[in-house]
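Side-chain atoms are counted along with the backbone in the values below, which use heavy atoms only and exclude waters and symmetry mates.
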Amino acid sequence: MESVTIQTTQNVRIDYELAKAGSRVGAFFIDAVVFTIIYWIISLVLISVMDSPDDFTILALGTIFGFLGYYFLLELFNRGQTLGKRVLGLRVIRLDGRDPTPADFLTRSVFLLPDVLLSSGIPAMLLISSGRYSQRLGDMVAGTVVIQTAISSAFTLEEIMGITSREDHEPEFPGVQQFTNNDMMVVKHALQRSRKYGNAAHKLARRKLGVRIAEELELDKKEVEYTPEKFLEKVLLDFIVLTR
């Protein structure tokens, strides 16, 4: 299994499985089918009102630019996932651990032209199959990689924590509302990895993450009466209860 290690902005190192070439082709095929259906329906409506050859030229060109727009908008507003990527459990992330920016998603979309649309996907397949991080040209320019998450990973933080009732929980750290879902997923990963491996490095990472979160919450050491593991669990639980 090929993987990439990302150091997050919270200085936590997380290993992700890189998406396989076959999965990426499958996701692209699903997206192409979905877009074709949508564009076909739109075209039927537009053709009924067209009366100039130029209109049909614009409609034909719209296929390419519409597909690029489809990729850009879905990845931008769906946290790095098109419909095809979501179905197959793929996601776009940055190599430096930061969240991808709109410019990153736009770059990936524009480079679909040389990577896939104008070359039958041959350059993309060669680069993905031979590159260190399985990146096509658009990924290299944008500084992104495509990772494989569990296909069932549309799980929620509630499921991670096994919450059955929120009414009985009184949040202790209301300041957790300043964090994002991505921040809390980092906490979840740190807890999982420290429990799975239990070595000194992961325990240290868990402790550093706890200290960093306490600093962001402007907590004094005397206010935190928990072990690092218990503190991170409380932060997760408070976040879920206060933001859901």
Side-chain angles (χ1 to χ4, degrees), residues 1-32 68 70-72 74-117 119-155 160 180-197 199 201-202 205:
M1 177 187 72
E2 295 183 345
S3 63
V4 59
T5 300
I6 305 295
Q7 183 161 327
T8 71
T9 53
Q10 289 82 14
N11 293 320
V12 175
R13 295 171 67 85
I14 301 177
D15 293 330
Y16 293 103
E17 179 183 354
L18 290 170
K20 296 179 175 60
S23 297
R24 295 184 66 169
V25 171
F28 181 86
F29 178 76
I30 292 172
D31 287 320
L68 299 184
Y70 165 91
Y71 251 78
F72 170 63
L74 260 71
E75 288 189 346
L76 176 63
F77 293 108
N78 198 32
R79 298 182 60 241
Q81 290 184 306
T82 59
L83 293 178
K85 287 185 177 69
R86 187 172 183 84
V87 169
L88 296 183
L90 309 184
R91 185 182 299 279
V92 177
I93 63 173
R94 281 182 60 98
L95 272 171
D96 60 12
R98 294 180 296 170
D99 291 333
T101 65
D104 296 329
F105 292 128
L106 181 60
T107 299
R108 296 188 78 259
S109 299
V110 170
F111 271 86
L112 280 172
L113 284 170
D115 280 341
V116 181
L117 300 182
S119 60
S120 301
I122 295 175
M125 289 302 299
L126 289 175
L127 290 172
I128 291 171
S129 301
S130 61
R132 179 182 176 186
Y133 297 123
S134 300
Q135 296 168 295
R136 63 178 175 87
L137 186 58
D139 288 313
M140 294 178 184
V141 176
T144 58
V145 292
V146 179
I147 61 169
Q148 176 74 60
T149 63
I151 294 180
S152 61
S153 68
F155 55 76
I160 293 169
T180 65
N181 278 337
N182 285 343
D183 294 330
M184 293 298 100
M185 292 303 287
V186 169
V187 173
K188 188 270 296 186
H189 278 296
L191 284 171
Q192 283 188 333
R193 290 180 65 81
S194 65
R195 290 167 182 167
K196 180 178 179 179
Y197 299 105
N199 58 38
H202 286 92

Response to the item:
The side-chain contact (heavy atoms from CB on, under 4.5 Å) partner of Y16 among I93, V145, V146 is I93
Practice prompt. For D99, check side chain to side chain contact (heavy atoms under 4.5 Å, CB included) against everything at least two apart and list the hits.
Written response: N182
Worksheet, complete the sentence: Here the pair of heavy atoms bringing G84 nearest to D31 is N-OD1, 2.7 Å
Worksheet item: Any donor and acceptor pair, going by atom type alone, linking the side chain of D104 with main-chain N or O of T101 inside 3.5 Å?
Response: yes
Worksheet item: Between S119 and P114, which heavy-atom pair has the shortest distance, and what is it?
Response: OG-O, 2.7 Å
Worksheet item: Under 4.5 Å between any side-chain heavy atoms of F105 and F77, yes or no?
Response: no
Discussion item. I'd like to know if the side chain of T82 and the backbone of L74 have a donor-acceptor N/O pair within less than 3.5 Å.
Written reply: no
Discussion item. If I take atom CE from residue M140 and atom OG1 from residue T107, how far apart are they, to the nearest 0.5 angstrom?
Written reply: 14.5 Å
Discussion item. Taking Y133's backbone N and O only, do any of them form a donor-acceptor pair with E2's side chain (distance below 3.5 Å, no angle check)?
Written reply: no
Discussion item. Determine whether a donor-acceptor pair (N or O, by modelled atom type, separation under 3.5 Å) exists between the side chain of E75 and the backbone of L106.
Written reply: no
Discussion item. Let me confirm one number: the CG-CG distance from L83 to L88, rounded to the nearest 0.5 Å.
Written reply: 11.0 Å
Fill in: Beyond-backbone contact of R108 with D115, side-chain heavy atoms, under 4.5 angstrom
no
Please tabulate, for the side chains in residues 121-132, all donor-acceptor contacts under 3.5 angstrom to protein atoms that are two or more places apart in sequence or on a different chain.
residue: S129; atom: OG; partner: M125; partner atom: O; Å: 2.8
residue: S130; atom: OG; partner: L126; partner atom: O; Å: 2.6

Item to complete: Using atom types as modelled and distance alone, determine if a side-chain donor or acceptor of Q135 lies under 3.5 Å from a backbone N or O of T144.
Response: yes
Worksheet entry | Salt bridge flag under 4.0 Å for residues D139 and R24 | yes
Discussion item. Nearest 0.5 angstrom please: L112 CG to L68 CG, how far?
Written reply: 6.0 Å
Worksheet item: Within a strict 4.5 Å, meaning less than it, do heavy atoms of the L90 and Q148 side chains meet?
Response: yes
Worksheet item: Looking at G138 and F111, what are the two nearest heavy atoms and their distance?
Response: CA-CB, 3.5 Å
